[in-house]
> 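Next up is a structure, given as structure tokens.
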Amino acid sequence: MSQVLHTPPHSPAPADEDDLAALAARHGLTVSGARPSLPEYVRQLWERRHFITAFATAKLTAQYSQAKLGQVWQVMTPLLNAAVYYFIFGVLLGTKKHVPDYIPFLVTGVFIWTFTQSSIMAGTRAISGNLGLVRALHFPRAALPISFALQQLQQLLFSMAALIVILICFGVPISVSWLLVIPALFLQFTFNAGVSMVMARMGAKTPDIAQLMPFILRTWMYLSGVMWSIDKLTKADDLPHIVVIALETNPAAVYIDLMRYALIDSFHSSQLPPHVWAAATGWALLAGVGGFIYFWKAEETYGRG
């Protein structure tokens, strides 16, 4: 009996990679974990603006939920810090003798510094402390450090009520210059959010940075004129010019001085560093834009994490 040989049907040739790429692009498919373009990333972030604000508000509400005094600690924490600094620097070291309206001067510095300090600390843990959220959901990761900076802004605005009461109680009059608080806080928030994004990226790669940051921030605080007047020190004849420039252009000190100038009538424009608004705007743009681009370049890494 003759055997009939059946030849198997020809297998389809594998599709060319270029054809597959064209097919994926035609149907809106992208590589998993690929970094979007910068304009597309901005658009995605803007679309999630409601999530950012809701997340910030939820974090703020839950921050002191376990404490009996609850949200009162939002005001009590910086006030207690101010009381400690007043005793050490104002009384023991005699700083209050050389600074008019020392208590308003000190409390304003503490509140504004706390805004920057807390934003950066929260930003450092924004990715590493929310890995469950990062791995479970797809969203622009920059939303996390921005939302933490927004949380600290909300807390500062809540605390500003206590700050205003303190200023009035110590004889500081209400003035039209208080309106300068709005642009000053906007610039400081932009700066804080930018630095938070940089630290979020660094903290995600090296979690140990979160343990180092308190020491760095404490040193930065002592150099920022929170408890003492930079203006008094920079007028000393024996201080090197490079040190004077570094102290006057320190971004934390710039924002603190702007807020003191806006709120305290005895803090005059002559005490501000030269071109202070230009410096404040420059730091905000450098940190805000630079930090955002720096974070965006790492989005592919986070998307695959």
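Residues take their numbers from the sequence shown, with the count starting at 1.
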> Distance check, rounded to the nearest 0.5 Å: I120 atom CD1 versus Q152 atom CD?
11.0 Å
> In Å, rounded to the nearest 0.5 Å, how long is the span from CZ of F267 to OG1 of T108?
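Between F267 CZ and T108 OG1, I get 10.0 Å after rounding to 0.5 Å.
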> Considering only distance and modelled atom types, tabulate donor-acceptor pairs under 3.5 Å from the side chains of residues 182-199, sequence neighbours left out.
from, atom 1, to, atom 2, distance (Å)
Q188, NE2, I112, O, 3.1
Q188, NE2, T116, OG1, 2.9
T190, OG1, F186, O, 2.9
N192, OD1, T116, OG1, 3.1
S196, OG, S119, O, 2.9
S196, OG, N192, O, 2.7

> Who are the side chain to side chain contact (heavy atoms under 4.5 Å, CB included) partners of R43, not counting sequence neighbours?
E40, E47
> Kindly say whether A143 contributes a backbone atom to a donor-acceptor pair with the side chain of R48 at under 3.5 angstrom?
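Such a contact is absent between R48 side chain and A143 backbone.
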> Applying side-chain hydrogen bond (donor to acceptor under 3.5 Å, both in side chains), name anything that partners Q151, two or more places apart in sequence or on another chain.
Q63
> Hydrophobic cluster membership, with links at side-chain heavy-atom distances under 4.5 Å among I/L/V/M/F/W/Y: are V254 and W277 in one?
yes
> Grouping I, L, V, M, F, W and Y whenever their side-chain heavy atoms are under 4.5 Å apart, do W178 and L157 come out in a common cluster?
yes
> Between F55 and F148, how do the two ring planes meet: parallel, tilted or perpendicular, split at 30° and 60°?
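F55 and F148: perpendicular rings.
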> Going by the side-chain hydrogen bond (donor to acceptor under 3.5 Å, both in side chains) test, which pairs reach into residues 260-274, not counting sequence neighbours?
D101-S266
> Just by modelled atom types, is the F215 backbone N or O under 3.5 Å from a matching donor or acceptor in the T219 side chain?
yes
> Side-chain donor-acceptor contacts of residues 83-94 below 3.5 Å, not counting sequence neighbours, with atom names and distances?
from, atom 1, to, atom 2, distance (Å)
Y86, OH, K96, NZ, 3.3

> Is there a donor-acceptor pair closer than 3.5 Å between any side-chain N or O of S147 and the backbone N or O of L144?
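Yes, the answer is positive, given that a donor and an acceptor are paired below the 3.5 Å cut-off.
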> Verify the cluster assignment for L217 and L223: are they in a single hydrophobic cluster under the rule of side-chain heavy atoms below 4.5 Å apart?
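L217 does not cluster with L223.
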> According to side-chain hydrogen bond (donor to acceptor under 3.5 Å, both in side chains), does anything in residues 244-258 pair up with another residue at least two apart or in another chain? List the pairs.
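Every pair satisfying side-chain hydrogen bond (donor to acceptor under 3.5 Å, both in side chains) with a residue in residues 244-258: W220-N250, S224-N250.
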> Can you confirm whether more than 12 heavy atoms, excluding those of I242, are under 6.0 Å from its CD1 atom?
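Open: at most 12 neighbouring heavy atoms sit under 6.0 Å from CD1 of I242.
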> For the pair R141 (side chain) and F139 (backbone), establish whether a donor and an acceptor sit closer than 3.5 Å, ignoring hydrogens and angles.
yes
> Is W296 reaching over with its side chain to a backbone N or O of P36, donor-acceptor style, under 3.5 angstrom?
yes
> In chain order, what residues pass the side chain to side chain contact (heavy atoms under 4.5 Å, CB included) check against S128, with sequence neighbours excluded?
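Partners of S128 under the side chain to side chain contact (heavy atoms under 4.5 Å, CB included) test: R125.
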> Check residues 164-176 and write down every donor-acceptor pair under 3.5 Å in which the side-chain atom is one partner and the other belongs to a residue at least two apart or another chain.
from, atom 1, to, atom 2, distance (Å)
S175, OG, S177, N, 3.2
S175, OG, S177, OG, 3.3

> Group every Ile, Leu, Val, Met, Phe, Trp and Tyr by side-chain heavy-atom contacts under 4.5 Å, then state whether V107 and Y222 land in the same group.
yes
